[in-house]
Amino acid sequence: MIRYPHTLAQSKALAFSPLLDTSLWSALLLISLIVLFLLLLVNQPVHAQTPDRSQPPQLGPPPVLKLPSMQEFKLSNGLQVVMIEKKNVPLVQINLVIRSGHIDDPQEKTGRAAFTLDMLDEGTTSRSALQLADEVEYLGAKLRCAAGNHLSMVSLHVPVARLDRALQLFSDVILNPSFPTEEIERLRKKRLTTLLQWYDQPNQVALIEFYRSVYSADHPYSRLAIGNEEQIASLSREDFLQFHRTHFQPSNAFLVVAGDVTKAQIQASLENQFAGWKAKDRPQIHLPGIAQVSKTRIHLIDKPGAPQSVFRIGRVGVDRTTADFYAIRVMNTVLGGAFTSRLNQNLREKHGYTYGAYSVFDFRPLAGPFVVSTAVQTEVTAEALKEIFAEFHRIRQPIDEAEVQRARNYLALQLPRDFQAVDQIADQLVEWKFYDLPADYFNRTIDNILAVGQKDVERVAQQFIDPDAMQVIIVGDREKIQAELEGLNLGPVKTLTIDAVLGRKPRND
Amino acid sequence: MKPNLWMLMTIASLTAAQAEPIRVPYTSFYLPNGLHVILHEEHTVPMVSVNIWYHVGSSREKPGRTGFAHLFEHIMFEGSAHVPEGKFDEWLEAAGAKNNGSTSTDRTNYWMDLPSNALDLALFLESDRMGYLLQSLTPESVEGQRQVVMNERRQNYENEPYGLASILIAENLYPPDHPYHWPTIGSMEDLQAATFDDVVEFFQSYYGPQNAGLAIAGDIDLEQTRQAVEKWFGEIPAGPAVPPLAPPAVYLTAEKRLVMQDKVQLPRLYMTWSTPAAFHPGDAECDILASLLAGGKNSRLYKRLVYEQQLAQDVAAYQFSSRLASEFLIVATARQGHSLTELEKIIQEEVDRLRTQEADSREVQRTVNQVEAQFLENLENVGGFSGKADLLNRYFYLTGIPDYFNEDLQRYRSLETSDVRAVANRYLRDDGRVVLSVVPLGHPELAAQAAKEEQQ
């Protein structure tokens, strides 16, 4: 039993990080060192004191996070590499990022990128699926292949002593996948069964309906990357070969390295593995524009007998490159991005309606969603929804400076946590490189967060949190909750069944 | 293990660079009030994790009060004499800290990960709730957390497919007077019944410094930290000694077969045995057995059930190691058109094979190599669940030695294939297990039918 759901603690898309000293902190550090020196001169006797509990201890200035510098280089074929050396544990993480993903799938071939990536380690021209798995595991390595919305990634995590052998497997699945027919059929069955299992999972049902109702049907953001039954059934080996041929090439990719290796070592090893990989052109895709949710409406999906109602509530947010990136993150931290956020305090701590409530802006290259997630006891469904909307209204009102300060500090000062493990560091580098962020991005992050003021928070709340234009998805016991939901007069209530959301159940035997 | 020549060469080359023992250097001491303290200095990033284990979990609960240890964990965040309600989390977040806690059958742990300048704040908060929790606690805040925990149960058990399976398994694996018989989340009825007096009594019985371990890891100065711990925790009086638990033996003399209907699309089979407690002889072997059965594509059950015959959507095997006894669990979900009887037949064959034949040495080495890599990963994070501070406390609680990392790893490195087989033979018995079928509503025919019954 964990006191607090993990999901909230990790707003992965947001986590980004600081480094190096900011001028203010350097000055504070210097002052504190001088004070410390003067105290030492006084030569106080050392013994256990009685603690003063009348107020929380006054804290000195926050420490400075010093990270080894980023290094960038290119292989002879133009493949770009960015790395951070980290020496304290003999592990290495290497990620190959392809700048293509789910959004590159034509509508009728939704699921192509995700299926292609899943197939990479199911066989190469020289190794079977079982051989690959055996060799990877024997090295104590982890090899993962997965597609996201805008990027696809093959990642390797391995003890440094076994890096060279693992790199051969890493490059093999990237360069020489063979897409064996029998493995395609095996994974196809597995995916269809996954679709079937969604009928049991209210969170999954809610999410599917949320994306579908917030984004228009012609935009890939309206669909899940796995595809539906028809799409999964129709994808062919030729589709995977084509995706691989078109998108897997050095001019559409970059590598990220974090761990216990030097640049000289890793450059030679990567050159060995990838030098023969040649660049080609890739087609540009054209995506339709994204329209905002026009008015508040409720989609109620019936799950008879459910002890809780599962909520997804939100609208179109904003893209990652917005100038308001930091202001929005601070605002969302106040609203639903931390334990003491208003949504969680209200729904969990004040009312006891839920185990947790949180919100997130999912930043993507195009405007990703803003979404509030929670699950509340069936009997209080309408009351909980009312409170969530009350918080939408309240976040647009003038805000107390102490609350903004807490949110700023929480975002800015916890960042060292994300620079401990090599896979975490690699994640940071992937985002930095993918979005082509400035060279001093990490150095400026803390300053940028701490520069967000009350007025900024109010302004972005008013701009991005509109209670009159929210899509509400509820999966719950319709008979017990529909009348009260309608009584709230938030917007029209449309009722659906789980079958209507997911379509007919796939048959797969 | 009896490696052939090729294996010897491979193992030598694979382990050469790993030969250095994995060590986490530490200082430890007791305060006069009995609090055990572990300090580990490490400056990779400028943060500190303050991690405390109270050596009490759901195994200490009284009849009619299941779920209480976990409810109490929630109450520990509601403020103390010098920390008004709500301020615990506010002050931590304002300092840039994350924190959480969790409860198991055996212990309750709490951690705060902070920038290193905020160490004093963490020690103030942690010591205040150890020393002065009850002074400010109100029945209202207990009531609030009761509702939160009941929603946690709804979310993770009742509204979750297959969510109630683990509760049914424990009820049947352990006798009623065994402290693992009931679930840590507790029953709704018992959560409702908990009173403010229960809170007072539980705190006074189990939350004294002599029943706790404090580990501080990260960007610290050892001497200053020691003084700070003495300052903040030294004034808290020791509580009463906590007598050891004397659980009855877990010994099934027959197979128990159960069927549960649930709102699920696909039937799922759970096969559970009682196995040696954490760090007892046989425990590490069970980890290896789990991996041989279901760790990766080449594992025996995955390969047959999921990869080759495609009867199952997934299969997993685990050794859940706990202080008084462990559980070895095999779980598999049948694909459409397949019954759990088909799955059980293959599972039975593979369990039999583990008992009768020694595993291939490469198979075992593959698992050990993965375990080694996991040990390296464990050294990367100082905080959070399963970070170094948490592991130092865990090792101390279960073995008496905080830096047990290398000894723990050696348990796996030194295994022989004959040891693994012997443990399978001794513990994975047909006449001492719980076999649970969870089937879609109205479809009891999909449950696993015992092979012997079919033959009759």
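Numbers restart at 1 for each chain; the letters A, B, ... are given by sequence-line order, proteins then strands. Below, all heavy atoms of this structure are taken into account, side chains as well, without hydrogens, waters or symmetry copies.
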Visitor: Do you know which two heavy atoms are closest between B:Glu93 and A:Ala338, and how far apart they sit?
Guide: OE1-CB, 3.5 Å
Visitor: Please state whether the side chain, the backbone, both or neither of A:Leu130 comes within less than 4.5 Å of a heavy atom of chain B.
Guide: both
Visitor: What part of B:Glu377 lies closer than 4.5 angstrom to a heavy atom of chain A: side chain, backbone, both or neither?
Guide: both
Visitor: Quick one: of A:Lys86, A:Arg406, A:Glu349, who has the most non-hydrogen atom pairs under 4.5 Å with chain B?
Guide: A:Arg406
Visitor: Is it the side chain or the backbone of B:Gln313 that comes within 4.5 Å of chain A heavy atoms, both, or neither?
Guide: both
Visitor: Just jot down the salt bridge (charged side-chain N to carboxylate O under 4.0 Å, His left out) partners of A:Asp260, sequence neighbours excluded, or say none.
Guide: A:Lys87
Visitor: Below 3.5 Å, can you tabulate the donor-acceptor pairs from side chains in residues 54-61 of chain A to any protein atom, sequence neighbours excluded?
Guide:
{"residue": "A:Ser54", "atom": "OG", "partner": "A:Asp52", "partner atom": "OD1", "Å": "2.6"}
{"residue": "A:Ser54", "atom": "OG", "partner": "A:Asp52", "partner atom": "OD2", "Å": "3.4"}

Visitor: Side chain, backbone, both or neither: which part of B:Ser58 has an atom under 4.5 Å from a heavy atom of chain A?
Guide: neither
Visitor: Restricting to non-hydrogen atoms, name the atom on A:Asp200 and the atom on B:Val264 that form the minimum distance, rounded to 0.1 Å.
Guide: OD1-CA, 3.3 Å
Visitor: Considering only heavy atoms, give the residues of residues 115-124 of chain B separated from chain A by less than 4.5 Å, sorted numerically, with 'none' for an empty result.
Guide: B:Pro115, B:Ser116, B:Asn117, B:Ala118, B:Asp120, B:Leu121, B:Phe124
Visitor: Given a strict heavy-atom distance threshold of 4.5 Å, which part of B:Asn156 is in contact with chain A: side chain, backbone, both, or neither?
Guide: side chain
Visitor: Given heavy-atom pairs under 4.5 angstrom as the criterion, report whether the side chain, backbone, both or neither of A:Ala129 touches chain B.
Guide: both
Visitor: Looking only at heavy atoms, which of residues 373-380 of chain A get nearer than 4.5 Å to chain B?
Guide: A:Ala375, A:Val376, A:Gln377
